[in-house]
**Q** 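Mind looking over this structure? Questions follow.
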Amino acid sequence: IMDNSRIPVLGHADGICSVFLEKSADAELAARVIVDSKTTYPAACNSVETLLVEADGLERLLPTVARALLAKGVTLRCDEQSKAVLDTAVDSASSKLITASKPEDYDTEHLALILAVKTVSSYDEAVEHINVHGSHHTDVIITSSEPLAERFMNAIDSAGVFWNTSSRMADG
């Protein structure tokens with residue numbers, strides 16, 4: 001119907017939602033938002049599936065967020081950079097929930113307590129990743145910069161784009 005109609009049609013099947021954790025974000029706020037986005041109902045279409053972490057904030061932000069997710073039983077499928085940071089930042093008991101990611105992890109609606117983690121070099125890389133790999137459902141930026149948040153919310157091609165708020169705020 002969406003491909004053959006001349007009238008606007010709202011429809012979706014996949015919920016590959018992303019959170020972009022920008023370098024200026026508050027780590028505690030980020031942990032709360034991301035845990036809620038992933039764990040309140042992981043099988044929902046508005047549950048976060050991909051966490052994009054800006055490289056300049058990786059060491060400061062990711063360990064706090066990861067510890068909070070690991071405490072809730074979330075498996076983290078990490079790229080090489082994020083895994084290296086977490087291998088030294090979390091206790092050995094939690095490390096069994098940290099695995100290496102595969103390319104398909106960033107195009108998958110996991111529908112479970114699984115989160116793909118990817119390091120991005122910049123805002124532009126995060127926006128490009130979301131617009132290419134996301135499902136255009138709901139995406140989030142966590143940042144302390146209002147101008148950057150506004151830019152993000154205008155650049156992402158999704159039905160819902162939020163700033164410092166859980167993706168679960170969307171009506172799935």
Side-chain angles (χ1 to χ4, degrees), residues 12-23 25-121 125-143 156 158 160 162 164-170 172:
H12 90 93
D14 296 328
I16 303 174
C17 303
S18 299
V19 171
F20 171 43
L21 183 54
E22 190 267 336
K23 65 185 175 189
D26 175 87
E28 295 300 323
L29 171 70
R32 288 191 310 271
V33 168
I34 296 166
V35 165
D36 185 76
S37 294
K38 182 71 228 177
T39 66
T40 57
Y41 184 26
C45 57
N46 59 4
S47 175
V48 66
E49 302 293 0
T50 303
L51 173 61
L52 303 170
V53 184
E54 190 168 21
D56 288 345
L58 190 65
E59 290 183 20
R60 183 178 72 79
L61 298 168
L62 186 57
T64 300
V65 171
R67 284 186 205 103
L69 289 162
L70 294 167
K72 296 285 190 172
V74 177
T75 296
L76 303 176
R77 294 186 180 168
C78 299
D79 69 347
E80 192 173 313
Q81 273 187 277
S82 60
K83 189 171 182 325
V85 167
L86 294 181
D87 283 346
T88 61
V90 301
D91 62 66
S92 59
S94 296
S95 65
K96 68 180 186 268
L97 293 173
I98 301 170
T99 64
S101 65
K102 297 176 182 159
E104 59 267 20
D105 288 326
Y106 303 107
D107 294 308
T108 300
E109 184 177 21
H110 301 288
L111 302 173
L113 289 175
I114 298 168
L115 183 63
V117 181
K118 180 178 177 68
T119 307
V120 293
S121 61
E125 185 181 349
V127 168
E128 180 179 352
H129 178 94
I130 292 168
N131 284 336
V132 169
H133 297 275
S135 64
H136 309 288
H137 189 293
T138 304
D139 298 291
V140 175
I141 184 171
I142 303 176
T143 181
I156 297 298
S158 293
F162 302 142
N164 293 347
T165 300
S166 173
S167 61
R168 297 282 295 132
M169 294 297 291

**Q** Provide the closest heavy-atom pair for S158 versus H136 in the form atom of the first, atom of the second, distance.
**A**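 Scanning both residues, the minimum pair turns out to be OG-CA, 3.3 Å.
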**Q** Which residues pass the salt bridge (charged side-chain N to carboxylate O under 4.0 Å, His left out) test with D79, not counting sequence neighbours?
**A**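 None.
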**Q** Hey, what do you get for CG (L51) to OG1 (T119), rounding to the nearest 0.5 Å?
**A**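 One finds 9.0 Å between CG of L51 and OG1 of T119.
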**Q** Return yes if some donor-acceptor pair links the side-chain N/O of N46 with the main-chain N/O of A170 below 3.5 Å, else return no.
**A**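 Side chain of N46 to backbone of A170: a pair is present.
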**Q** Only counting residues at least two apart or in another chain, list the ones meeting side chain to side chain donor-acceptor pair (under 3.5 Å) with D107.
**A**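 By the side chain to side chain donor-acceptor pair (under 3.5 Å) rule, D107 matches H133.
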**Q** A side-chain contact here means heavy atoms from C-beta on lying under 4.5 Å apart; do F162 and V33 qualify?
**A**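 No. Closest side-chain heavy atoms not under 4.5 Å.
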**Q** Report the C-alpha separation of V140 and T165 in whole Å, then their side-chain angles, then the decisive distance to 0.1 Å, and conclude whether the side chain to side chain contact (heavy atoms under 4.5 Å, CB included) test is met.
**A** CA-CA 7 Å; V140 175; T165 300; 5.8 Å; no
**Q** Could you pull out every donor-acceptor pair under 3.5 Å between side chains of residues 58-73 and any protein atom, sequence neighbours left out?
**A**
unit_1, atom_1, unit_2, atom_2, d
R60, NH1, A25, O, 3.3
R60, NH2, K23, O, 2.6
R60, NH2, A25, O, 2.8
R67, NE, A89, O, 3.3
R67, NH2, A89, O, 2.9

**Q** Go through the structure and list residues passing ring-ring contact (aromatic ring centres under 6.0 Å, His included) with H110, not counting sequence neighbours.
**A**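 Applying ring-ring contact (aromatic ring centres under 6.0 Å, His included) to H110 gives none.
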**Q** Are V74 and L97 side-chain neighbours, meaning at least one heavy-atom pair lies under 4.5 Å?
**A**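 In short, these two side chains do not touch, never coming nearer than 4.5 Å.
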**Q** Please enumerate all residues that pass side-chain contact (heavy atoms from CB on, under 4.5 Å) together with V48, with sequence neighbours excluded.
**A**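 With neighbours one apart ignored, the set is V19, S37, K38, L115, S167.
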**Q** Please list all pairs passing the salt bridge (Lys or Arg N to Asp or Glu O under 4.0 Å) test where one or both residues lie in residues 81-95, with sequence neighbours left out.
**A**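 Found K83-D87.
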**Q** My understanding is that only residues two or more places apart in sequence, or in another chain, count here; which of them pass side chain to side chain donor-acceptor pair (under 3.5 Å) with T75?
**A**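 Applying side chain to side chain donor-acceptor pair (under 3.5 Å) to T75 gives none.
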**Q** In chain order, what residues pass the side chain to side chain donor-acceptor pair (under 3.5 Å) check against S121, with sequence neighbours excluded?
**A**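 Partners of S121 by the side chain to side chain donor-acceptor pair (under 3.5 Å) criterion, ordered by chain and then number, come out as E125.
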**Q** Taking only residues at least two apart or on different chains, which pairs with a member in residues 95-105 satisfy side chain to side chain donor-acceptor pair (under 3.5 Å)?
**A**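 Residue pairs passing side chain to side chain donor-acceptor pair (under 3.5 Å), neighbours aside: R77-D105, S101-Y106.
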**Q** Using the test side-chain contact (heavy atoms from CB on, under 4.5 Å), find all partners of A84 that sit at least two apart in sequence or belong to another chain.
**A**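 By the side-chain contact (heavy atoms from CB on, under 4.5 Å) rule, A84 matches no residue at all.
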**Q** Could you work out, with side-chain contact (heavy atoms from CB on, under 4.5 Å) as the rule, every residue matching S18, not counting sequence neighbours?
**A**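 Once residues adjacent in sequence are excluded, the partners of S18 under the side-chain contact (heavy atoms from CB on, under 4.5 Å) criterion are T50, I130, D139.
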**Q** Just how far is it from atom OG of S82 to atom NZ of K118, taken to the nearest 0.5 Å?
**A**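 Those atoms lie 9.5 Å apart.
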**Q** Please find the pair of heavy atoms, one from L111 and one from A43, that lie closest to each other, and give the distance.
**A**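 Closest pair (atom of L111, atom of A43, distance): CD2-O, 3.4 Å.
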**Q** What residues, two or more places apart in sequence or in another chain, satisfy side chain to side chain donor-acceptor pair (under 3.5 Å) together with T108?
**A**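 Testing T108 for side chain to side chain donor-acceptor pair (under 3.5 Å), a comparison that skips the adjacent residues, returns none.
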**Q** Are any of the side-chain heavy atoms of C78 and L86 separated by less than 4.5 Å?
**A**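 Yes, close enough: below the 4.5 Å cut-off.
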**Q** Quick check against the 3.5 Å criterion: does N164 have a side-chain atom that pairs as donor or acceptor with the backbone of T143?
**A**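 Yes, the answer is positive, given that a donor and an acceptor are paired below the 3.5 Å cut-off.
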**Q** Side-chain contact test, heavy atoms from C-beta onward, threshold under 4.5 Å: evaluate it for E109 versus C45 and give yes or no.
**A**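 When only atoms from C-beta onward are counted, C45 and E109 do touch, with a gap below 4.5 Å.
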